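Treat the numbers as computed from the prediction; the structure is a model and nothing was measured. Numbered from 1 within each chain, the chains take letters A, B, ... in sequence-line order.
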Amino acid sequence: MLDIQLLRNDLDGVAKSLASRGFIIDAAAFRALELERKTVQTRTQELQAKRNAISKQIGQAKAKGEDVSPIMAEVANLGEELKAAESGLEEIQGRMNEILLIIPNLPHETTPAGKSEADNVEVRKVGTPRIFDFPARDHVDVGEGLKQLDFGTAAKISGARFSLMRGQLARLHRALAQFMLDVHTQEHGYTEVYVPYLVNPDSMRGTGQLPKFEADLFAVQKNENEKLYLIPTAEVPLTNMVRDEIVASESLPLKFVAHTPCFRSEAGSYGRDTRGMIRQHQFDKVELVQIVHPSKSCEALEELTANAETILQKLELPYRVMALCTGDMGFSSAKTYDLEVWLPAQNAYREISSCSNFEAFQARRMQARYRNEKGKPELVHTINGSGLAVGRTLVAILENCQRADGGVDIPAILQPYMGGQKLIEPAH
RNA sequence: GGAGAGGUGGCAGAGUGGUCGAAUGUACCUGACUCGAAAUCAGGCGUAGGUUCAAACCUACCGUGGGUUCGAAUCCCACCCUCUCCGCCA
């Protein structure tokens, strides 16, 4: 959510900035609504002040034992008008809030301008793609060849866009998550957190999934009146830990990591990545979140991105870092780096992590604050990123570490997590 | 699922219809005393919003949402959460 003051004071500037990310704000409508708000709010508060003053008089007169009926008459007709004004104001504020909740964040000044994915800027490229002396198969062929990756059975149990792993592949998947958690907790100073996978609407609103992206979420009915949402990322519970909190400034930065399943309905992406486990309704992810002092968020994003990159480096997977352009960035983000891992079968780099600085956008929705030097509450900044998406990391290993015989070499760093095992043997 | 108790400022804790945004304590800040500190004394100390150049003034907020009333922290209704006991249970 943007600062309402900013919209009041510099609507044109905001509109221009939002236009760079393809969002057109109806400035005229906003101005009209704002004017209406000002009029009605002033009127309402005048009436309230009047009522309070008269009520006070009644109290004092009664205390002295005086006759209050003349004063009562004075306030009699006030009620209707006040009630109308109050409900009018409430209605206007409701409309204003609806507008505010669907306006995306302003891009950071360092975010490259652009319209689409094609305008993203490569920041760095790390590692060299391996040269294969045999045709590289994709992860589906490798995994099914091992008889350890099974989409058919998953489809029978649940439907499309689910996967099922067995045996050593399932273990490798588990090993990856353990390895990532260990690196981030032991080397990068994150606190491991176990979180709920079902969250309430307030939490989804806090991080920006609601109200605009309900269609992307899975929900369950808790009871007649209440819904709970399956988390699309651990960002939601981790970031909402500080919702409605005022954290001590000396405790910043807060650094959290969690390994969770993530659930996404993938509405509107029916034709994309239908093969394999790139785009699933359910996948595991290790998520990094930092809650930081507003002056530190830029460097925190660099740090968190580097933390995520460390995993790819340790796994010896080639990747590149892309700075997303204004037009390709997510709703809540001011600046985003995507990490893209090399997938030889696609002959392309594919997203495996997305690291974003949300500045005060989520904090304002959440009322997540700290006490500044003057003791006044001020909004924190929030940062998060995948470190990494476990399923896609597994895909990258299957493709990059495959052998001509159908087996898969286990990256050295993971071998201790696999009981010392060095490869997954081909099926016989 | 059943029975009971409770949700008030950073914390503790009063307040059961009328200057209550809220006593008191504590924490914190400023000043005095002191060589300095502690103790003591005096003052200050919630959040959000509006009008405004500013000073100042006004409004809302006592778990949440409704209601009664000229007036609600206080009365009524619903819900949420916490605690205790019982039942069930990984």
Would you call the rings of A/His188 and A/His184 parallel, tilted or perpendicular, taking 30° and 60° as the class edges?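 The arrangement is tilted - the two ring planes meet at 30° to 60°.
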Which class fits the ring pair A/His139 and A/Phe151: parallel under 30°, tilted 30 to 60°, perpendicular over 60°? perpendicular
Does a nitrogen or oxygen in the side chain of A/Asn52 sit under 4.0 Å from OP1 or OP2 of B/G71? no
Are any side-chain N or O atoms of A/Ser87 and backbone N or O atoms of A/Ala84, one a donor and one an acceptor, separated by less than 3.5 Å? yes
[N] and [M]: how far apart are their [atom1] atoms, nearest whole angstrom?
N     : M     : atom1 : answer
B/G10 : B/U47 : P     : 8 Å
B/C76 : B/A72 : P     : 16 Å
B/G9  : B/A14 : C1'   : 13 Å
B/U74 : B/C86 : C1'   : 33 Å
B/U68 : B/C53 : P     : 39 Å

With a 4.0 Å cut-off on heavy atoms, is A/Lys50 in touch with a base, just the backbone sugar-phosphate, or nothing at all?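 A/Lys50: no heavy atom of the nucleic acid under 4.0 Å.
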For A/Gln5, which contact category applies under a 4.0 Å heavy-atom criterion: base, sugar-phosphate, or nothing? sugar-phosphate
Surrounding NZ of A/Lys296 (heavy atoms of other residues, nucleotides or ligands, distance under 6.0 Å), is the total greater than 12? no
Within a radius of less than 6.0 Å around CD of A/Glu187, do more than 12 heavy atoms belonging to other residues, nucleotides or ligands occur? yes
Verify the distance criterion only: is there a donor paired with an acceptor across the side chains of A/Lys335 and A/Ser356 at less than 3.5 Å?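 Result is no, nothing qualifies.
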With distance as the sole criterion, is a donor-acceptor pair present between the side chains of A/Ser20 and A/Ser17 under 3.5 Å?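 Judged by distance alone, the side chains do not pair up.
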Could you tell me the separation between the [atom1] atom of [X] and the [atom2] atom of [N], rounded to a whole number of Å?
X       : N     : atom1 : atom2 : answer
A/Met1  : B/G49 : CE    : P     : 10 Å
A/Glu86 : B/C70 : CD    : C1'   : 14 Å
A/Gln57 : B/U69 : CD    : C1'   : 18 Å

Return the polar atom pairs (N/O with N/O) between nucleotides 15-19 of chain B and the protein under 3.5 Å, or none.
from, atom 1, to, atom 2, distance (Å)
B/G18, O6, A/Lys62, NZ, 2.9
B/G18, N2, A/Ser55, O, 2.8

Residue met sooner reading RNA chain B from 5', once A/Lys222 and A/Arg51 are mapped to nucleotides: A/Arg51
Under 3.5 Å, which N/O atoms of the protein pair with N/O atoms of nucleotides 44-47 of chain B?
from, atom 1, to, atom 2, distance (Å)
B/U47, OP2, A/Lys376, NZ, 3.4
B/U47, O3', A/Arg369, NH1, 3.4

